[in-house]
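The analysis underlying the following values was restricted to heavy atoms, covering all of them including side chains, and did not include hydrogens, waters or symmetry mates. What you see is a predicted model, and the numbers here were worked out from it, not measured in a lab. Residue numbers run from 1 in the order of the sequence given.
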Amino acid sequence: MLVATDDAISAAVLAGRGADAQILGVIDAANKIGAQIGVTSLGRAVQFVANASVLGYDVRGAMVFYGERETPSLRMWDCEQLWALYGSALLEP
């Protein structure tokens, strides 16, 4: 797991929670089509992916892209762990 093994990435996500992020790979489970999610803040992207399954989305293939091109993307399990660790602190400015 990315977050569990790299505290530097966790700290970077928390510090950059207001940065622009893009979510790809989310499927609307009811319609079986890819969900179009616009650019949002990194904190909101983590929150969405961590909680999207209860809203009827399949996020098993979701990836959150943020920061510089070489920045590793976040996967579903990363978002779940970040949300569990930091919760609403990710949404604060």
Minimal non-hydrogen separation, V59 against A52, with atom names = CG1-CB, 3.5 Å
inquiry  = Quick check for you: to the nearest 0.5 Å, what is the distance between K32 atom NZ and D58 atom CG?
reply    = 8.0 Å
Main-chain N/O of S41 paired with R44 side-chain donor or acceptor, under 3.5 Å = no
message = Counting only heavy atoms not in E68 (residues, nucleotides, ligands), do more than 12 fall under 6.0 Å from its CD?
response = no
task = Could you state whether V54 and V49 fall into the same hydrophobic cluster, counting links through intermediate Ile, Leu, Val, Met, Phe, Trp or Tyr residues with side-chain heavy atoms under 4.5 angstrom apart?
result = yes
request  = Measure from the side-chain N and O atoms of D28 to the backbone N and O of A30, and report whether any donor-acceptor pair falls under 3.5 Å.
outcome  = yes
key: Hydrophobic cluster identity match, L24 and V46, side-chain contacts under 4.5 Å   = no
ask   = So if you build clusters from Ile, Leu, Val, Met, Phe, Trp, Tyr with side-chain heavy-atom gaps below 4.5 Å, do M63 and L42 land together?
value = no
message = Hydrophobic clustering (ILVMFWY, side-chain heavy atoms < 4.5 Å, transitive) - are I23 and Y86 grouped together?
response = yes
ask   = Given side chains that start at C-beta, do those of V64 and C79 come closer than 4.5 Å, heavy atoms only?
value = yes
query = Taking side chain as C-beta onward, heavy atoms only, is Y66 less than 4.5 Å from D20?
reply = no
E80 side, atom CD; L74 side, atom CG - distance, nearest 0.5 Å = 12.0 Å
request  = Find the distance between OG (S10) and CD (Q81) and round it off to the nearest 0.5 Å.
outcome  = 7.0 Å
inquiry  = When you compare the side chain of V26 with that of F48, does any pair of heavy atoms fall below 4.5 Å?
reply    = yes
task = Using side chain to side chain contact (heavy atoms under 4.5 Å, CB included) as the criterion, point out the one residue from L91, L90, L82 that pairs with Q47.
result = L91
ask   = Should L85 and M76 be regarded as members of a common hydrophobic cluster, given that ILVMFWY residues are connected when their side-chain heavy atoms come within less than 4.5 Å of each other, either directly or indirectly?
value = yes
